[in-house]
Undergrad: 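First the structure, then my questions, so here it is.
What's counted below: heavy atoms across the whole structure, side chains too, no hydrogens, waters or symmetry copies. Quick note: residue numbers are just sequence positions, from 1. We count ligands from 1, going down the list as the structure has it; atoms in each ligand are counted the same way.
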Amino acid sequence: MRVGNQRRNRQVATWRDAAICRDGAVGIPGLSRAERVCYTRSCTRTTMSDPVPAERRLLRSWKSIAAHLEVDVRTAQRWHKKTPLPLHRPSLERSHPVVYADELDRWIRESDVRGQTAPERARRGGRRALAAAVIVVAIALAGGAYILRPERAGEPHRAVIDGGVVSVLDARDRECWRRTVEGASGAPIVEDVDGDGRKEVLVDVAASASGATSGRLQCFDANGRERWTFVYGRARSWYGREFSATYGGRFARHIRTPRGHAVLAVAWHNLWFPAQVALIDSASGALAAEYWHPGGLRELAVMNLDGDEFDEVLLAGINNPGRGLGHGVLVALDVPFTSRELAYVVLPRPDACSVLGEIPFVNRLANEGANVVAGVRCGDATWLYTFNRALELVEMRPSDNVTALHRRLHQQGLLDHELGDEEEACLRHVAWFPTAPDGNSASLARLWAKCE
Ligand SMILES: [Zn+2]
């Protein structure tokens, strides 16, 4: 074990050794295969020719349509039967009528349906509407099909989740499609993750509350058709324990690899420490490679660490299998993953964390120029570790309140000493390992006996 930046040369040697050891155990076959693969990409692209108001109100149900028309739902539907409303059904679910408020206003003006209570007047209105429709169709045939559907949404730009319904919007906030995805959570990713020129939508689906089903990542194409589903995690035994196959997604990210496009996903076991980092083939949803970590990973950065053409993955979190508070870590992975980490850096656990009983997660990861700053936080104080791109420690700076926190804990009798130079020097030591050690091992605790 190499400790401390005064032995940096040996640390570098460790990394070099680790890098040489990339013996290519890549592509571990996973349980999670794509359930449905690739639909043909026959989706229509729509050219917008008409200027469209930047803000249009979309009514998404009979109830809201009726409210807009200031009638009850039955009346609105009766009107629709006689003189069809300008409905759109971008959704696959035909039970959701969608109509723009301004189109509805125009419809009500032109159809003259309001106030027509007598059947005769309704029929007259129907005839008038029919005549208007004939004219519209004639204009459309003359001028191009877009006139019929000038409000059609463009390419997916962003997606929102509301009550289990994923709604995908274009750059002007017009709805491209919506569908119910039970358990959908977080912020969907709208990005061309497979390089086909159109944007896919990645939706994280939470594990069931009972833990009976694992979380998953679902990929939909630009038209809302399901491309694939990747189920996080799998049952496995580790550190002498059995872990169920129930995992929840933490991050997903599109990443380019030397072998093509992929989706990187990080998932945690729903109860215990294992974390899975999965490299998913973004065309098929198949597991291309995976990395397992003995503890949660809170931060993810995709950045170029070695100066080659492709980015590496930098993860930050905690190494704490078994009993104990563990240690904060930085983990660098080559993409595609190799059998070992590119670098595995363990940070000391400040004694304030130990006595406060707080897990010393690395829960900040930020670029600072060419450097990377990782922060360990306990009791409102932060220890900021600055690394260069080779993940060598450049400096450690405690936040301004560290001294006060330490003093308070000392006065409360939780710590038996004042903060001194020796302790500060100890906190500046970071340890490198060729692969993840047990973050609660006695040998690790011995490395930082003077500050933990
Ligand atoms: Zn101390």
Side-chain angles (χ1 to χ4, degrees), residues 1-8 10-11 14 273 293-299 314-331 343-366 368 371-388 391-433 436-452:
M1 284 162 214
R2 281 90 179 168
V3 188
N5 48 0
Q6 65 272 65
R7 295 193 207 164
R8 186 172 293 164
R10 289 177 65 193
Q11 290 173 355
T14 310
F273 64 81
H293 188 256
L297 296 165
R298 279 249 170 114
E299 295 291 329
L314 189 61
L315 297 153
I318 190 75
N319 179 326
N320 68 335
R323 293 180 175 203
L325 295 170
H327 285 86
V329 291
L330 277 184
V331 188
Y344 197 96
V345 184
V346 182
L347 308 184
R349 179 178 63 238
D351 56 7
C353 303
S354 305
V355 300
L356 289 169
E358 293 184 18
I359 292 173
F361 271 102
V362 174
N363 54 14
R364 278 195 69 188
L365 196 59
E368 182 75 24
N371 292 329
V372 179
V373 179
V376 174
R377 187 179 176 84
C378 291
D380 282 344
T382 305
W383 290 258
L384 289 172
Y385 291 82
T386 301
F387 295 89
N388 64 20
L391 294 187
E392 296 161 328
L393 187 68
V394 175
E395 66 165 359
M396 189 283 284
R397 289 171 71 95
S399 59
D400 292 338
N401 57 350
V402 160
T403 309
L405 172 68
H406 199 283
R407 188 181 305 129
R408 192 170 78 231
L409 295 171
H410 184 212
Q411 285 164 355
Q412 290 170 349
L414 293 169
L415 290 172
D416 61 2
H417 58 277
E418 303 263 6
L419 183 61
D421 291 346
E422 199 176 32
E423 181 170 350
E424 288 200 333
C426 170
L427 287 169
R428 286 193 189 92
H429 292 177
V430 298
W432 279 59
F433 293 86
D438 176 347
N440 284 309
S441 70
S443 59
L444 218 55
R446 277 198 294 276
L447 290 178
W448 292 289
K450 289 188 162 59
C451 53
E452 294 195 338

Undergrad: Just checking Glu395: does its CD atom have more than 12 heavy atoms from other residues, nucleotides or ligands closer to it than 6.0 angstrom?
TA: yes
Undergrad: Output yes if His410 passes the N/O/S-under-2.8 Å test against the Zn ion (ligand 1); output no otherwise.
TA: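 No, His410 does not qualify, because none of its backbone or side-chain N, O or S atoms lies under 2.8 Å.
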Undergrad: Would you check if Pro348 and His429 make a side-chain contact, meaning some heavy-atom pair closer than 4.5 Å?
TA: no
Undergrad: Could you tell me if the side chain of Leu314 sits less than 4.5 Å from the side chain of Val372, heavy atoms only?
TA: yes
Undergrad: Taking both backbone and side chain into account, is any N, O or S atom of His417 nearer than 2.8 Å to the Zn ion (ligand 1)?
TA: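 His417 does place an N, O or S atom closer than 2.8 Å to the Zn ion (ligand 1).
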Undergrad: If only side-chain N and O atoms count, and only distance matters, is there a donor-acceptor pair under 3.5 Å linking Arg397 with Thr386?
TA: no
Undergrad: Between Asp351 and the Zn ion (ligand 1), is there a contact where an N/O/S atom of the residue lies under 2.8 Å from the metal?
TA: yes
Undergrad: Give the atom name of whichever N/O/S atom in His406 sits closest to the Zn ion (ligand 1).
TA: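 This turns out to be NE2.
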